[in-house]
Amino acid sequence: MKNTEMIKRSLGMIVFLAFVLSGLRAEAAGGKIQLSDGQVIAAKEIRFKKTSQEYIITMPNGTEMPMHKNRVKTVEIDKPAQYDQAAAAVTSGAVDQAIPMLEQIVADCFMLSPWDARSLDLLGLAYKKKGANAKAAAAYKKFYTACANPASITLDMQRRAWDAFIVVNDKSTLSQSVDAAIATGSRDNAAAAHIARADMAKAENNKQDALLDYLRVVILYEQVKAIQPEALYKTAQCLEELRDPRAEDWRKKLMSEYPQDPWASKK
């Protein structure tokens with residue numbers, strides 16, 4: 001009898017969860033799509049179909065028009081209806097509430113800028129806050145396969161992705177991404193990529209290689225001011241761990257040039 005009651009309760013819970021999750025489906029995302037020939041189409045809804053590699057464009061009158069991705073230059077959709085709610089939940093720490101919403105938003109925004117990248121970033125952050133590091137890294141890894149426009153991935157997003165790969169020791173994905181950033185990215189991206197590569201080397205206890213990359217940033221990318229405090233701090237820290245007296249020189253440089261930066265107050 002007890003087993004029967006337990007089964008009924010379990011089935012009831014499954015039905016309830018299915019009902020809740022079915023309500024998470026995002027509303028149709030409208031937006032605009034620009035074709036390679038310069039034509040701009042305003043759409044009531046835009047979806048991406050993986051199997052045929054086509055954008056399915058629903059016109060204001062309800063007519064659907066398929067468009068192969070090779071003919072599309074840019075696509076931009078409106079903010080998903082539940083994005084702000086999910087973002088607020090992540091900020092407040094209610095990640096178990098946010099994650100199902102974000103998983104659905106990610107699915108609905110596949111190859112739809114800029115919310116493909118933004119929702120993946122938020123999902124990765126939610127999993128990181130939950131302590132699910134492997135799932136966080138898996139979310140960020142989709143940056144390279146599920147985003148229509150790489151330019152929609154900001155440097156801050158990219159750095160969070162690199163940090164996630166380092167935590168799970170995904171050296172292969174990290175190396176491919178940082179190598180591309182160093183070779184073809186802006187100087188800001190390249191400087192941050194050197195830091196990420198150094199952080200990975202340091203995590204593997206390869207302090208000499210880590211030091212070389214940190215030094216590259218403080219010397220070759222000195223004009224990238226936003227990242228200099230971090231680079232100076234990590235250079236000094238690495239030298240200290242190697243028992244190199246030059247650590248104090250770099251620490252003094254950090255304190256004198258960036259006294260108000262949070263990195264200057266770190267121990």
Side-chain angles (χ1 to χ4, degrees), residues 26 29 31-34 46 48 72-91 95 98-99 101-103 105-129 133 135-168 170 173-200 213 217 221 223-231 234 258 261-263:
K32 61 183 179 180
I33 194 161
Q34 182 179 4
I46 305 172
F48 186 77
V72 174
K73 183 178 181 181
T74 61
V75 57
E76 185 175 338
I77 62 165
D78 301 329
K79 183 193 294 185
Q82 289 192 308
Y83 183 86
D84 285 343
Q85 182 184 348
V90 174
T91 301
V95 292
I99 286 171
M101 286 190 284
L102 287 167
E103 290 280 13
I105 293 170
V106 164
D108 291 336
C109 291
F110 182 81
M111 293 293 286
L112 299 172
S113 296
W115 301 101
D116 45 12
R118 294 182 189 180
S119 57
L120 281 169
D121 179 44
L122 199 55
L123 179 61
L125 182 57
Y127 275 127
K128 181 181 178 181
K129 284 192 171 187
N133 293 324
K135 288 186 176 181
Y140 281 118
K141 198 168 182 177
K142 291 180 182 177
F143 270 168
Y144 314 116
T145 58
C147 293
N149 181 10
S152 65
I153 303 169
T154 68
L155 180 54
D156 284 344
M157 291 180 189
Q158 186 62 81
R159 295 203 73 189
R160 284 190 284 273
W162 289 337
D163 287 345
F165 302 148
I166 291 168
V167 168
V168 298
D170 187 350
T173 301
L174 178 78
S175 296
Q176 290 177 30
S177 182
V178 299
D179 287 351
I182 291 168
T184 63
S186 67
R187 286 190 64 76
D188 286 16
N189 283 69
H194 279 295
I195 291 285
R197 190 166 69 182
D199 288 347
M200 174 62 91
D213 265 320
V217 179
Y221 295 87
Q223 297 309 309
V224 184
K225 298 300 183 183
I227 205 166
Q228 279 299 303
E230 179 182 357
K234 290 183 174 180
Y258 304 94
D261 192 277
W263 286 100

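As a basis for the values below, the full set of heavy atoms in this structure was taken, side chains included, without hydrogen atoms, waters or symmetry mates.
- The shortest non-hydrogen separation linking Ile195 to Arg159 is CG2-NH2, 3.3 Å.
- The line from CE of Met200 to CG of Leu174 is 4.5 Å long, rounded to the nearest 0.5 Å.
- Considering only heavy atoms from C-beta on, Cys109 comes within 4.5 Å of Ile77 through its side chain.
- Annotation: salt bridge (Lys or Arg N to Asp or Glu O under 4.0 Å) contacts involving residues 175-193, sequence neighbours excluded, comprise Asp179-Arg197.
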Stepwise side-chain contact (heavy atoms from CB on, under 4.5 Å) test for Val75 and Met111: CA-CA 8 Å; Val75 57; Met111 293 293 286; over 6 Å; no
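- The distance from the CG atom of Asp170 to the CH2 atom of Trp162 is 14.0 Å, given to the nearest 0.5 Å.
- Put simply, CG on Asp78 and NZ on Lys32 are 10.0 Å apart, with the number rounded to the nearest 0.5 Å.
- Interatomic distance, Phe143 CZ to Gln158 CD, rounded to the nearest 0.5 Å: 6.5 Å.
- Smallest separation of non-hydrogen atoms from Ala198 and Asp213: CB-CB, 3.5 Å.
- Inter-residue side-chain proximity for Arg160 and Asp121 is flagged as met; some heavy-atom pair is nearer than 4.5 Å.
- Between Ile105 and Pro80 the shortest heavy-atom distance is CG2-CG, 3.9 Å.
- Remark: side-chain polar atoms of Gln85 are not paired, donor with acceptor, to backbone N or O of Ala98 under 3.5 angstrom.
- Under 3.5 Å, the side chains of Asn149 and Ser152 contain no donor-acceptor pair of N or O atoms.
- Scanning both residues, Leu122 and Ala86, for their nearest heavy atoms gives CD2-C, 4.2 Å.
- Residues Tyr258 and Trp263 keep their aromatic ring centres 6.0 Å or farther apart.
- Going from atom CG of Asp163 over to atom CG of Asp199 covers 7.0 Å, rounded to the nearest 0.5 Å.
- Ser119 places a side-chain N or O within 3.5 Å of a backbone atom of Asp116 that can act as its donor or acceptor partner.
- Counting heavy-atom neighbours within 6.0 Å of Lys135 NZ, excluding the residue itself, gives a total of 12 or less.
- The heavy-atom pair separating Val178 from Ala196 by the smallest distance is CG1-CB, 4.0 Å.
- Listed here is the closest heavy atom pair of Ala164 and Tyr140: CB-CD1, 3.7 Å.
- Atoms CD1 and CG, on Ile166 and Asn133 in that order, are 12.5 Å from each other to the nearest 0.5 Å.
- With sequence neighbours left out, the side chain to side chain contact (heavy atoms under 4.5 Å, CB included) criterion links Thr154 to Asp156, Met157.
- For the pair Gln228 (side chain) and Val217 (backbone), a donor-acceptor distance under 3.5 Å is present.
- Around the NZ atom of Lys225, the shell of radius 6.0 Å holds more than 12 heavy atoms that belong to other residues, nucleotides or ligands.
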